[in-house]
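Within every chain, numbering begins at 1; the chains are lettered A, B, ... in the order of the sequence lines, protein sequences first and strands thereafter.
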Amino acid sequence: MQIPSPYDMIAIGGSAGSLPVLAELLEQLPVSIDCTMMIIVHRLKNVPSDLDRLLSLKAPITEPEDKQPVLSRRIYLAPQNYHLLIETDGTFALDYSEPLHYSRPSIDVSFASVAAAYGPRALGILLSGASKDGAAGMQQIIAAGGTGIVQDPASALFDTMPLAALELCPEAQPMSITDMVHFLTELKMSAEHDQ
Amino acid sequence: MIKEISNEELETLVSLIHRQYGYDFSDYARSSLKRRFQRFMGYAYIGGVNELSDRLLQDATFFERMAQFITVNVTEMFRDPLFYKTLKDLVLPRLATYPTIKIWHAGCATGEEVFSMIILLQEAGLLERCRIYATDLNAVSLLKAEKALIPLKCMKDYTQNYLQAGGMEDFSSYYTADDEHAVIHSALRRNIVFFQHNLVTDQVFNEFQLICCRNVFIYFNRQLQDRVLRLFYDSLAPLGYLALGLKESMMFSEESIRFEAVSAVHKIFRRKS
């Protein structure tokens, strides 16, 4: 069954302290919603990573390859050591240019491309992190008519990332983890109701 | 926040550059090209696309600066260590059966992957028999590659990569260091030639047992990827090897039927005879 959602893309960014939150969100995930989810977390490079497998225990997740079509009801994880972008023709594009905020993948890069590709049908979520990556990207998502949600800084293990986003984007809504879970579940409920 | 470049503005810029300077970016992947232009405008304090166009029309030096900036020159030694380990285990023993081994590094940037390769070949006892052709679009990168200067601050990471790749020696025995740079020993580099080659327009120039073109395809659209895959097919000896970046795929190209995977995970392919 396909369930319409107000969003075609939910992009989630996080860094230090974001993994437990991600795991919790994914557990509550509205997988039956007809939209794509993309996760950008700062990761070490050039070391074997089990992150996609760890997160896959909660929900099936894939690391996209270049030119792979973006499908709905899938969860994608930005691969190590690449920036992840989306082309307007609905395919993934990878980029190996210099890191931004010392990070590749960078949340700003992905969020900016999500804003350009999805406009008002994009939802950006920023979690705990010890860098300012993601704030400028969230500003672009909101400027393009999309929605921004930020983990309540008080509940974040590292509050630099959520604080930077809230400072730059007054329109972004701070939420506790419970509220975020509730928001995503509501999304699913209202979508089911619309059916 | 710098104003987003629109798709129309991007096309205008691409055709202006093609007309004025002969560089054809029309088959480059749009999202990252747009991002490069955007970043360049920030870096060069250019307020808008009109101003950028004016500068490009009037100032060839400015164009050279921009071309240098927008073509991505980021690279690492032994990036993806397990790729190199796989190359050493699966490919080098086959290459060892040839009296002369010809290798093409297409899109070599400042040469870090080439230097990784020669170290691997040296440890396999093959370097003496190898001829390595390293090409890039970007002349400034090639000049840097010829000097083999590597920022010293990167060497700690590269040493880790080297060890993970199965390196057998003391990594520091391959270079000398001053305060800022490591220089790869020139004796190791004697079989490398660096020269300019544009994958968009240039043709076959030799026949190779191995072509490495890692993380270059991601900047091309599917048409250009197809063209370059045909160029590589024509440039490979029968059963010659092709290595792409870890997240680059042949799956979306019709040319893929002319290659078989040697390692699907590490993106090592082989030309079918």
Side-chain angles (χ1 to χ4, degrees), chain A residues 44-49 52 62-70 76-100 102 104-106 108-119 135-145 168-169, chain B residues 1-7 10 28-36 38-39 42-43 69-84 107 109 157-158 160-165 214-222 225 244-253 264-265 267:
Chain A
L44 288 174
K45 61 180 190 178
N46 291 327
V47 291
S49 163
D52 52 337
T62 50
E63 288 186 357
E65 296 197 329
D66 185 50
K67 306 288 185 277
Q68 192 173 317
V70 182
Y76 298 98
L77 174 67
Q80 290 174 299
N81 216 354
Y82 287 100
H83 294 305
L84 180 63
L85 300 98
I86 292 180
E87 293 286 355
T88 42
D89 69 356
T91 57
F92 283 108
L94 294 166
D95 179 308
Y96 180 46
S97 53
E98 53 287 291
L100 202 62
Y102 305 99
R104 186 174 53 222
S106 138
D108 275 343
V109 171
S110 292
F111 275 18
S113 114
V114 161
Y118 292 92
M138 176 156 282
Q139 188 184 35
Q140 281 173 277
I141 288 182
I142 292 171
L168 197 63
C169 320
Chain B
M1 191 164 70
I2 298 170
K3 194 178 162 292
E4 181 84 5
I5 299 175
S6 75
N7 293 337
L10 183 66
Y28 274 55
R30 279 299 174 262
S31 54
S32 63
L33 187 64
K34 192 192 273 189
R35 185 174 116 70
R36 304 300 298 165
Q38 199 104 36
R39 274 180 73 80
Y43 160 85
F69 190 96
I70 65 172
T71 52
V72 175
N73 306 303
V74 178
T75 175
E76 293 166 67
M77 283 188 82
F78 291 100
R79 180 193 165 144
D80 312 318
L82 296 183
F83 158 77
Y84 284 95
D157 278 354
Y158 294 169
Q160 288 303 320
N161 292 352
Y162 165 76
L163 291 173
Q164 275 195 66
R214 305 183 68 230
N215 301 309
V216 178
F217 268 36
I218 47 178
Y219 301 110
F220 297 164
N221 71 13
R222 285 179 55 181
Q225 289 187 350
L244 300 178
L246 284 199
K247 290 294 170 186
E248 291 177 318
S249 180
M250 258 195 219
M251 242 179 342
F252 309 108
S253 168
V265 174
K267 296 291 153 49

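Considering OG of Ser249(B) and CD of Gln68(A), their distance stands at 7.5 Å, rounded to 0.5 Å. Atoms NZ and CZ, on Lys67(A) and Arg222(B) in that order, are 9.0 Å from each other to the nearest 0.5 Å. The distance from atom CG of Leu246(B) to atom CD of Glu65(A), rounded to the nearest 0.5 Å, is 9.0 Å.
Residues Glu248(B) and Asp66(A) share a closest heavy-atom pair of CA-CB, 4.4 Å. Across Lys247(B) and Pro79(A), no two heavy atoms sit closer than the pair CE-CB, 3.7 Å.
Residues Glu76(B) and Asn81(A) are in side-chain contact: their nearest non-hydrogen atoms beyond the backbone lie under 4.5 Å apart. Within the 4.5 Å cutoff, the side chain of Leu100(A) has heavy atoms near those of the Arg39(B) side chain. Counting heavy atoms from C-beta outward, Thr88(A) and Arg30(B) have side chains that stay 4.5 Å or more apart.
Both the backbone and the side chain of Ser97(A) come within less than 4.5 Å of a heavy atom of chain B. Proximity to chain A is limited to the side chain of Gln225(B), based on heavy atoms less than 4.5 angstrom apart. For a residue to count as touching a neighbouring chain, one of its non-hydrogen atoms must lie under 4.5 Å from one of that chain's; by this rule Val74(B) touches chain A with backbone and side chain alike. The part of Ile86(A) that comes within reach of chain B is its backbone (N, CA, C, O), which places non-hydrogen atoms under 4.5 angstrom from that chain. For Phe220(B), the part sitting under 4.5 Å from any heavy atom of chain A is the backbone (N, CA, C, O) and nothing else.
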Exercise for review: Apply side chain to side chain contact (heavy atoms under 4.5 Å, CB included) to the pair Phe252(B) and Thr91(A), showing each step before the final yes or no.
Suggested key: CA-CA 11 Å; Phe252(B) 309 108; Thr91(A) 57; over 6 Å; no

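Shown here are the salt bridge (charged side-chain N to carboxylate O under 4.0 Å, His left out) partners of Arg36(B), two or more places apart in sequence or in another chain: Glu98(A).
Not a single donor-acceptor pair under 3.5 Å links the side chain of Tyr96(A) to the backbone N or O of Tyr219(B).
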